[in-house]
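Input: a single structure, listed below in structure tokens.
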Amino acid sequence: MIEITLIPLLKDNYAYLLVDEDGSVAILDPSEAAPVKHLLEDKELKPDTIINTHHHWDHTGGNQALKKAYGCRIAAPAADSCRIEDLDIPLKEGDLLKIGTSTAQILETPGHTSDHICLYFPQEKALFCGDTLFAMGCGRLFEGTAGQMWKSLNKIMALPDDTLIYCGHEYTQANGEFCLTIEPDNTALKERMISVYQTRAENKATIPSILGLEKQTNVFLRAGSVQRFAEIRHLKDQSR
Ligand code: ZN
Ligand code: FE
């Protein structure tokens, strides 16, 4: 089993510290190195592995400084070997990544970027989904198509409803407000937003989310068809 610690970085990014019971340590999506190093020093931990869900700088910016400091290996989408420097462990759909005694299954989820992976730990019931799925949102389509993203989201929806969703950003409140414009009468959504406002007012993280709750409240997962998904994505892009 791994212990998961959320690390808030930059304005609204989340990196994650994964510590296996055998002492193996991984850092997922470090946008910057200094606060991560601080945390590692506090906990007297040395990471063996850096994992990137995709190539964007706000998920990889800390790679080189951490690699230099700890000599860790970088695991990232195989096709990104030209965009992520020093990629040591190329990951593809169906691959297994071991963190000590724990194993993550790799899901390819293109859409936000042409190459994007999610890590699913079945034992921990935990999904690290980067910028594919957010609490009540999904990533913008920077490189992929609506069809690719819809397929990727459906791959995530096939996981058990009690899967914990650890995403790459704290976008929950703004996402939920957008969801309310699409489904103003969704009771589960309205109830969820009450607790989201409360959590954010206390400056706490709304992450992890739970897949079952996403299915009830996330209008992107609720689109029902790729056409409707594309429409909702377009509306969200214009709402910014
Ligand atoms: Zn991104
Ligand atoms: Fe991001």
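Every number for a ligand or one of its atoms is a count from 1 in the order of the listing. All values reported here derive from a predicted model rather than from experimental measurement.
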Name, closest N/O/S atom of D131 to the Zn ion (ligand 1): OD2
N/O/S atom of H169 under 2.8 Å from the Fe ion (ligand 2), yes or no? yes
Just to the nearest 10 degrees, tell me the angle at the Zn ion (ligand 1) spanned by H56 ND1 and H112 NE2. 80°
Strictly under 2.8 Å, is any N, O or S atom of H59 next to the Fe ion (ligand 2)? yes
Only residue of D86, L87, I84 satisfying side chain to side chain contact (heavy atoms under 4.5 Å, CB included) with N63 is I84
If you look at D58, which of its N/O/S atoms is nearest to the Fe ion (ligand 2)? OD2
Just how far is it from atom NZ of K236 to atom NE2 of H234, taken to the nearest 0.5 Å? 13.5 Å
Going by atom types only, do H54 and E143 share a side-chain donor-acceptor pair under 3.5 Å? no
I need the single residue from H59, H169, H56 that forms a ring-ring contact (aromatic ring centres under 6.0 Å, His included) with H112. Which is it? H56
Counting N and O atoms only, with roles assigned by atom type, does the side chain of K155 sit under 3.5 Å from a partner on the main chain of E108, one being a donor and the other an acceptor? yes
Minimum-distance atom from the Fe ion (ligand 2) among N, O or S atoms of D131: OD2
So, H59 and the Zn ion (ligand 1): N/O/S under 2.8 Å, yes or no? no
Pick out which of F128, Y166, Y14 makes a side chain to side chain contact (heavy atoms under 4.5 Å, CB included) with L28. F128
